[in-house]
Amino acid sequence: MALYHKIAEFIMEKIKTEEWKKGQLIPSEKEFCEQFQVSRPTVRAAIAYLANQGYLVTVKGKGTFVLKPKIVEDTTVFLESFSKEMATKGISVQTEVLEQRMIAADEEVASKLKVPCGDEVIKIVRLRYVKDSFHEGPIVYNISYFPKKFSFLLKCNFEEESLTGALTRNHVERHHLEKNIDAVLLEGKIARILGVEEKSLGILISAVCQEADRKHVMEYTLSYYPSKRNKFVLKINV
């Protein structure tokens, strides 16, 4: 048996017996090296193996944490509506709208939407829950920005219809979409809104969606998923 498999089995035993619980920081690479008398690359191979299996996540500058989430989001192209995607799994989602207004774009938002800093943009903030499971807390916190030409979004009721549905109803289609996935620690306001402990593990998906001409950006969205309530499966055709 390869050395890294022995380390992986040791870690898995700790996770399965819940000696190491969800969100817990595991020992450092140095500690594993000393315990098993192996090199750092061997330890990294074990951690990478379990990370690929969805049991661990490494946060740069913080360490490696136990990750054992629940709700599944399949991510291949990521163009499908979140509500529609959950519906295919038999999961009904309810939405709570926290903000729906026009704001002045800061540097980050202006850069993503390719508009002048300070230009008016639409901001829509939503919390998504599994229907009839509000006591378990939100499964995702969405912050979306749109150029002001999509002002019709200010009149939509996003507790009754999805964002994708509202765009389609107004003859607007999403085209090229790019998403970045990062492991993060949920802190401050975001942790409070999601109802999780300070510095809990989370997944941040930032998305930029372009119009058909691929020159104009129509949407910039930040989605925060608490790791204890979500799991992501990447499906790739090879």
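Numbering starts at 1 and runs along the sequence shown.
Here the side chains of F158 and Q100 are in contact, with some heavy-atom distance below 4.5 Å. Annotation: side chain of I139 is not in contact with side chain of Y225 (no heavy-atom distance under 4.5 Å). In this structure, the side chains of Y224 and L194 come closer than 4.5 Å at one or more pairs of heavy atoms.
Between E120 and K148 there is no salt bridge, since none of the side-chain N atoms of the basic residue sits less than 4.0 Å from a carboxylate O of the acidic one. Salt bridge annotation for R192-E198: absent, with no cationic side-chain nitrogen under 4.0 angstrom from a carboxylate oxygen. Contact check on R44 versus E29 returns a salt bridge, with a Lys/Arg side-chain nitrogen under 4.0 Å from an Asp/Glu carboxylate oxygen.
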Original post:
Between E197 and S200, is a side chain to side chain donor-acceptor pair (under 3.5 Å) present by the stated rule, with each step listed?
Top reply: CA-CA 5 Å; E197 293 181 3; S200 293; 5.0 Å; no
**OP:** Please step through ring-ring contact (aromatic ring centres under 6.0 Å, His included) for the pair F36 and F10, ending with a clear verdict.
**Re:** CA-CA 10 Å; F36 289 92; F10 171 82; 5.4 Å; yes
**OP:** Begin from the C-alpha positions of E211 and K149 and carry the test salt bridge (Lys or Arg N to Asp or Glu O under 4.0 Å) through to its verdict.
**Re:** CA-CA 13 Å; E211 296 184 42; K149 71 178 183 178; 2.8 Å; yes
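Hydrophobic clustering, with ILVMFWY side chains joined whenever heavy atoms are under 4.5 angstrom apart, groups V97 together with L167. Residues L154 and I143 do not share a hydrophobic cluster, defined by chaining ILVMFWY side chains whose heavy atoms lie under 4.5 Å apart. Linking Ile, Leu, Val, Met, Phe, Trp and Tyr residues whenever their side-chain heavy atoms come within less than 4.5 Å places L222 and V184 in a single cluster.
Between the side chains of E219 and Y145, no donor-acceptor pair is found at a separation under 3.5 Å. Side-chain polar atoms of E108 and S111 form no donor-acceptor pair below 3.5 angstrom. Residues T95 and R126 have side chains that never bring a donor and an acceptor to within less than 3.5 angstrom of each other.
Here K199 contributes atom NZ and K62 contributes atom NZ; the two are 5.0 Å apart, rounded to the nearest 0.5 Å. Atoms CZ and OG, from R169 and S162 in turn, are 10.0 Å apart once rounded to the nearest 0.5 Å. The CD atom of E9 sits 10.0 Å away from the CG atom of L50 when rounded to the nearest 0.5 Å.
Between Y220 and F146, the gap from one ring centroid to the other reaches at least 6.0 Å.
In E99, the CD atom is crowded: over 12 heavy atoms of neighbouring residues, nucleotides or ligands sit closer than 6.0 Å.
In terms of heavy atoms, S223 sits closest to T221 at OG-CG2, 3.6 Å.
Remark: side-chain polar atoms of E34 are not paired, donor with acceptor, to backbone N or O of E31 under 3.5 angstrom. Without hydrogens or angle criteria, D119 side chain to V115 main chain gives no donor-acceptor distance under 3.5 Å. Listed for the S227 side chain is a donor-acceptor partner under 3.5 Å among the backbone atoms of L201.
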